[in-house]
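A short worksheet on the structure shown next.
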Amino acid sequence: NTVTLSLNGSNHNHTAVNQFHEDVLRGLTSTPKRLDSKYFYDAIGDQLFQDLMNCAEYYPTNCELDIFKNQTAALAKSIIGNDQDDFDLIELGAGDAMKSSYLLKYLLDEGIKFTYLPIDISAHVIEELDTNLAKTLPGLNFRGLNGEYFEMLQKAATLSNKRKVVLFLGSNIGNMPVAEAEAFCHELRNSLSPGDMALIGFDLKKNPKTILAAYNDGDGITKKFNLNLLSRINKELGADFKVEQFDHYPTYDPETGACKSYLISLADQKVHLADYNESIHFQKDEYIYMEISQKFTTEQIKSMAANTGFQTVKYLFDAKNWFTDAIWRVQ
Ligand code: AVI
């Protein structure tokens, strides 16, 4: 079969297709059914996420941008070593580095010595950054790393023995269930050395209506963003989902801070994955669990740091106190 899979718009290979197929099949044959939100980001999903970040209800991007734009000096001060050592500034899932560019520019203007090492699963993202940052931030020491986070962190450790500061922005950590997020921080801790730092963006608990609205925007972009994964499965795995037979159901639970989205089957229906000769049955009103976007309290963030071997250095908050960038040091 000639199916190709685009992970974040690039990386065409059959191992990735097999992984996608395996994950989709495992999820849709589970009870309850689920799909993995990491697969939202094909070329169309990337565009829909861009649209989401520009829509009025989706606040996290603007909140974190507020911190990076308006508290750049405080941010820089917390990550620069006392002796102003030359360090490696690593960004996990750098994307277009829109927010981090403010920090990069500040460090450059202050004459601080550092190398920027963005890590991204998309080769295209790294190439674009290489071209764009050379123009917008001349003089920046840049080394792009294309691949999985932890493999590339290991690679970064072999490239230099300089102190490492790792950025993981955008509340991407919220797209993992809490236990998985802790395991992630633990693994991050184990890929670093004493004195290294992490700067992690967490979306905070706030008025439940504000949160729910961000995942239920009036223009229906979040709905399209979720449904697009069904279209992607159609394209890449030869399935025949009728996307109009599914509805988007976003939820937020203020007790747990879990913001979850589901797709609900509007009919009793069968979906066939022609390329693999497999059929999946959906009952009317049956749901597919699509995504978690966990919201945190500062107490939870503090205990996550303590549980995973980090010491809290500082929290920076946006003007509305809706989002925080936590700065942690490896003990
Ligand atoms: C990428 N991630 C942090 C977004 C979030 O808020 O969980 C993805 C998203 N899902 C729906 N809207 C945005």
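The first residue in the sequence is number 1, and the count goes up from there. As the structure lists them, so they are numbered: ligands from 1, and atoms in each ligand from 1.
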Element-labelled atoms of ligand 1 that are located less than 4.0 Å from some non-hydrogen atom of [X]:
{"X": "Gly170", "answer": "3 (C)"}
{"X": "Tyr58", "answer": "4 (C), 5 (C), 6 (O), 12 (N), 13 (C)"}
{"X": "Tyr41", "answer": "1 (C), 8 (C)"}
{"X": "Asn175", "answer": "1 (C), 2 (N), 3 (C), 4 (C), 5 (C), 7 (O)"}
{"X": "Leu52", "answer": "12 (N), 13 (C)"}

Less than 6.0 angstrom from the centroid, inside 45 degrees of the normal: does Lys260 satisfy that with respect to the ring of Tyr289? yes
Cation-aromatic face contact Lys205/Phe296, 6.0 Å, 45 degrees: no
Which residue holds the protein heavy atom closest to atom 7 (O) of ligand 1, what is that atom called, and what is the gap in Å?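 Looking only at protein heavy atoms, the one closest to atom 7 (O) of ligand 1 is Ser293 OG, 2.6 Å.
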Closest to atom 11 (C) of ligand 1 (judged by heavy-atom distance), picking from Gln294, Glu57, Glu291, Lys295: Glu291
Which atom of Asn226 lies closest to which atom of Ser261, heavy atoms considered: OD1-OG, 3.1 Å
Based purely on interatomic distance, does Thr222 place a nitrogen or oxygen under 3.5 Å from a nitrogen or oxygen of ligand 1? no
Are any of the N/O atoms in Ser171 less than 3.5 Å from those in ligand 1?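 Not met; the criterion fails.
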Apply the salt bridge (Lys or Arg N to Asp or Glu O under 4.0 Å) test between Asp86 and each candidate in Lys162, Lys113, Lys164; give the one that qualifies. Lys162
For Phe225, which part has a heavy atom under 4.0 Å from ligand 1: side chain, backbone, both, or neither? side chain
Checking side chain to side chain contact (heavy atoms under 4.5 Å, CB included) for the pair Glu91/Leu104: CA distance, chi angles, key distance, verdict? CA-CA 11 Å; Glu91 181 165 6; Leu104 301 178; over 6 Å; no
State yes or no: are the ring centers of Phe20 and Tyr39 separated by less than 6.0 Å?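 Ring centroids of Phe20 and Tyr39 are less than 6.0 Å from each other.
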Could you walk me through whether Ile121 and Tyr149 pass the side chain to side chain contact (heavy atoms under 4.5 Å, CB included) check? CA-CA 8 Å; Ile121 191 74; Tyr149 293 162; over 6 Å; no
